[in-house]
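Only one structure is covered here, and it is reproduced in the block below.
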Amino acid sequence: MDISVKELEHSYNRGTPFERNALKDINLSIPSGTFQSIIGHTGSGKSTLIQHLNGLLKPTAGSIQIGDFLIRAGEKEKRLKALRKHVGIVFQYPEHQLFEETIEKDIIFGPLNFGVPIDEAKQRAAKLIKQVGLDESYLERSPFDLSGGQMRRVAIAGVLAMKPSILILDEPTAGLDPRGRREIMGLFHRLHQEEGLTTILVTHSMEDAARYSDNIVIMEKGGIALQGNAEHIFADSDALKALSLDVPETVQFIHRLEERFNRTLPQSVFTLDAAVDAALTILQKEERS
Amino acid sequence: MQNIIIGQYVPGQSFIHKLDPRAKLLTAFLFVIIVFLANNWLTYALLGAFTLIAVFVSRLPLRYIYNGLKPILLVIILTFLLHVFLTKEGPLLFNLGFLEVYEGGVKQGVFISLRLLFLIMITSLLTLTTTPIDITVGIETLLGPMKKIGLPVHEFALMMSIALRFIPTLLEETEKIMKAQSARGAQFSTGPIKERLKSIVPLLVPLFVSAFKRAEDLAMAMEARGYRGGEGRTSIRLLKWSGKDTTLFIILLILSIGLLLLRS
Ligand SMILES: Nc1ncnc2c1ncn2[C@@H]1O[C@H](COP(=O)(O)OP(=O)(O)O)[C@@H](O)[C@H]1O
Ligand SMILES: [Mg+2]
């Protein structure tokens with residue numbers, strides 16, 4: 001399902017002294033099956049934006065088209081539940097949403113709400129618990145006995161169990177250790193490729209954004225400051241600095257190397273492996289000449 | 001969820017904002033008493049005028065107050081209807097077959113509803129124009145003499161300030177969890193009653209878990225910073241009684257005398 005956001009605006013607490021304009025003039029299009037990252041400082045409106053994509057928040061102005069669902073300011077979309085079946089959101093600190101007695105029950109909460117038969121829901125739970133890196137024996141345990149990181153994994157499984165075709169991740173690795181972070185991001189990347197998901201990742205990590213995304217949006221004070229593919233975004237490190245954001249370390253490193261030896265590489269480099277290769281290429285060429 | 005104004009403080013510079021919290025607390029308390037003096041149209045009009053002027057002077061946006069009162073309006077209307085249909089006094093006004101409406105009932109209904117409305121408005125004004133901290137310091141000072149007879153005034157005030165402080169946090173949390181569960185297909189606002197009750201569980205459990213966690217964290221943080229009760233503790237906020245506060249009391253006195261003279 002393609003997503004197309006047009007002239008979206010949102011103010012919180014309309015008509016009260018606490019009114020706050022959180023989004024203005026957002027235009028964004030996310031083709032089906034792509035990996036979209038959203039970057040921005042705290043308070044720039046990232047979470048507000050993604051909550052519009054399954055009708056949790058209603059636009060103050062503008063419209064959102066998701067497949068054949070249309071959400072417009074001032075109109076009621078009656079098929080919200082159907083829409084939410086397609087759009088899964090892993091919220092910031094999703095472990096706060098756990099509530100059932102057993103992990104299995106919590107994971108199948110979503111699927112059951114959307115009318116999945118209980119047997120199939122349980123099968124999904126058994127498969128997912130392993131995918132998120134926990135043993136199947138955990139299914140019968142209480143989610144409240146787990147460590148924070150494990151709870152996060154269970155909560156993520158609970159969203160994946162709905163089998164959404166659009167998966168939205170709001171800072172899914174915040175507060176995890178580096179290894180947990182790599183594992184979780186690896187899982188999302190694998191699912192993105194294997195299941196052909198449309199993935200929208202809200203993150204502070206330039207590295208993650210660079211490594212996984214087809215497209216990146218940079219938000220600033222409720223608007224979109226920069227937009228484009230990773231090469232395009234990270235080529236312009238001055239624009240990023242102006243927004244007090246960093247270029248990924250690998251990109252920085254290669255830029256410095258290119259400057260130092262006065263060479264340019266044919267393509268951008270985002271992963272560590274690619275950076276090593278690129279550095280080798282430059283150094284070898286340098287040796288030869 | 002966004003309309004709830006209990007425990008909210010709206011910053012401002014009005015006459016009412018600048019009053020000493022003790023003056024406002026005492027006024028609210030006295031108002032609760034003198035409201036019961038009113039018993040005819042004239043006295044109710046007097047109370048209404050006082051309330052309206054107070055709202056006007058506070059310079060709070062009227063629409064905001066109205067929206068905040070909406071949920072309570074239902075209770076008021078219900079009260080009104082109960083009185084209208086159940087009080088059988090005075091001449092019969094009209095008869096709907098199974099329902100008989102008497103003049104006394106209508107009068108009772110209007111009076112009781114107005115009384116409720118005035119009380120809610122005045123107490124809301126108190127919290128809307130006073131920071132929770134100021135309310136607490138005010139209560140603690142006012143109740144200070146009670147410490148002598150062994151009442152745990154400080155602890156009471158602390159409990160209250162923590163409760164007030166966490167109302168917005170809890171509301172925020174509620175909204176977050178509601179959103180997270182809605183995204184997983186839970187429905188809170190539609191469906192039959194039985195379904196709705198069941199749907200509250202996924203909301204309440206996480207709320208309780210996080211509230212207990214918050215309480216524990218707070219207790220730990222307070223202990224780590226050496227908190228050990230009110231003994232010998234002084235407040236950084238010094239309350240100052242000014243001419244404004246005395247003026248308020250004079251107005252209140254005039255209002256009370258007016259009520260006493262005009263009531264029947
Ligand atoms: N529920 C809410 N009520 C009122 N204001 C909010 C609410 N949620 C967010 N905001 C405000 O909207 C702005 C954008 O917030 P948010 O979308 O959460 O930013 P981000 O996710 O990029 O950190 C912030 O200024 C924030 O204070
Ligand atoms: Mg956020």
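Letters A, B, ... mirror the listed sequences (proteins, then strands); counts begin at 1. Hydrogens, waters and symmetry mates are skipped; everything else that's a heavy atom, side chains included, is used.
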Any idea which heavy atoms bring [X] and [Y] closest together, and the distance?
{"X": "A/F99", "Y": "B/V205", "value": "O-CG1, 3.5 Å"}
{"X": "B/Y64", "Y": "A/F18", "value": "OH-CE1, 3.3 Å"}
{"X": "A/F91", "Y": "B/A183", "value": "CE1-CB, 3.9 Å"}
{"X": "A/R84", "Y": "B/S182", "value": "CD-O, 3.4 Å"}

How about [atom1] on [X], more than 12 heavy atoms from neighbouring residues, nucleotides or ligands closer than 6.0 Å, or not?
{"X": "B/I33", "atom1": "CD1", "value": "yes"}
{"X": "B/F15", "atom1": "CZ", "value": "yes"}
{"X": "B/R214", "atom1": "CZ", "value": "yes"}
{"X": "B/F29", "atom1": "CZ", "value": "no"}
{"X": "A/R20", "atom1": "CZ", "value": "no"}
{"X": "A/K58", "atom1": "NZ", "value": "yes"}
{"X": "B/Y66", "atom1": "OH", "value": "no"}

- With sequence neighbours excluded, residues passing side-chain hydrogen bond (donor to acceptor under 3.5 Å, both in side chains) with B/H17: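 By the side-chain hydrogen bond (donor to acceptor under 3.5 Å, both in side chains) rule, B/H17 matches B/S14.
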
Identify the residues of [range] whose heavy atoms come closer than 4.5 Å to a heavy atom of chain B, ordered by number, or report 'none'.
{"range": "residues 157-174 of chain A", "answer": "A/G158, A/M162"}
{"range": "residues 110-118 of chain A", "answer": "A/G110, A/N113, A/F114"}
{"range": "residues 38-52 of chain A", "answer": "A/Q51"}

- Query: If you count heavy-atom pairs under 4.5 Å between each of A/V90, A/V87, A/I89, A/L98 and chain B, which one has the most?
  - Reply: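 So the answer, after comparing A/V90, A/V87, A/I89, A/L98, is A/L98.
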
- What residue, out of A/L83, A/N54, A/L56, has the most heavy-atom pairs lying under 4.5 Å from chain B?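 Answer, by heavy-atom pair count under 4.5 Å with chain B: A/L56.
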
- Task: Answer with side chain, backbone, both or neither: which region of B/P202 has an atom nearer than 4.5 Å to a non-hydrogen atom of chain A?
- Result: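 Both backbone and side chain of B/P202 come within 4.5 Å of chain A.
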
- Task: Look up atom CD in B/Q187 and atom NZ in A/K81, then write down how far apart they are to the nearest 0.5 Å.
- Result: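 The NZ atom of A/K81 is 4.0 Å from CD of B/Q187, to the nearest 0.5 Å.
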
- Looking at CD of A/Q97 and CE of B/M178, how far apart are the two atoms once the value is rounded to the nearest 0.5 Å?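 Those atoms lie 14.5 Å apart.
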
- Message: With heavy-atom distances below 4.5 Å as the criterion, would you say the side chains of A/H96 and B/K176 are in contact?
- Response: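 Heavy-atom side-chain distance check fails, nothing below 4.5 Å.
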
- With the side chain counted from C-beta on, respond yes when B/R184 and A/D106 share a heavy-atom pair under 4.5 Å apart, and no when they do not.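 They are in side-chain contact.
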
